[in-house]
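Everything on this sheet refers to the single structure shown next.
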Amino acid sequence: MPAISLRLPDEIEARLAEEARIEGRPRSEVVREAIAEYITRRERERFMADMVAAANALAADPDALEEMRTLAEESIEASNEALDISEGRKPGEPWPEETGDKWWR
C-alpha cells in the first residue's frame, strides 16, 4: 500500500487523535476511511450534477418531451396490467370497490 505524508493543523490533528481514541482504531485507519468517504461523496455529487444537467437538457428539448410523454402513455397500460395480475385480478377486471364487493372477503 502506498504511503502519503501530509501536514495537519494542530486542531484537526487533535480532533483526529480524539476520534481514533474513541473508536479504538489507529489514526491512519480513521484517515483512510475519511478519505474514502470524501471521494465517494464527491463522485456521487458529480454523478448527480451530470444527471440534473441531462434532465434539464431533455426538458428543454420539445422532441424529447414528446417522446417521453409517448413512452409514458404506452407503458401505463402494461403497468396497470401487471398490477392487476399481481393483485390476483384478470387484466382490466374492475376493482372490488367498483363492483360493490368487499375487499376483505
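One N or O on the side chain of Ser86 and one on the backbone of Leu83 form a donor-acceptor pair closer than 3.5 Å. Of the possible polar contacts, none joining the Ser79 side chain to the Ser75 backbone as a donor-acceptor pair under 3.5 Å is found.
Here CD of Glu23 is found 7.5 Å from CD of Glu33. Values are rounded to the nearest 0.5 Å. We find the CD-CG distance between Glu13 and Leu8 to be 7.0 Å, quoted to the nearest 0.5 Å. Between Glu37 atom CD and Ile39 atom CD1 the span is 11.0 Å, to the nearest 0.5 Å. Taking CE from Met68 and CD from Glu73, the interatomic distance works out to 12.5 Å, rounded to the nearest 0.5 Å.
Environment of CD in Glu67: sparse, with no more than 12 heavy atoms of neighbouring residues, nucleotides or ligands closer than 6.0 Å. The local environment of CG in Asp10 is sparse, with at most 12 non-hydrogen atoms from other residues, nucleotides or ligands closer than 6.0 Å. The number of heavy atoms from other shown groups lying within 6.0 Å of CD1 (Ile76) does not exceed 12. Other residues, nucleotides and ligands place more than 12 heavy atoms under 6.0 Å from the CZ atom of Arg89.
In summary, Glu45 and Arg41 engage in a salt bridge, as defined by a charged side-chain N under 4.0 Å from a carboxylate O. Salt bridge status for Arg21 with Glu18: present, with a side-chain N to carboxylate O gap under 4.0 Å.
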**Request:** Step by step, work out the side chain to side chain contact (heavy atoms under 4.5 Å, CB included) result for Glu74 and Leu71.
**Result:** CA-CA 5 Å; Glu74 290 172 355; Leu71 288 171; 4.1 Å; yes
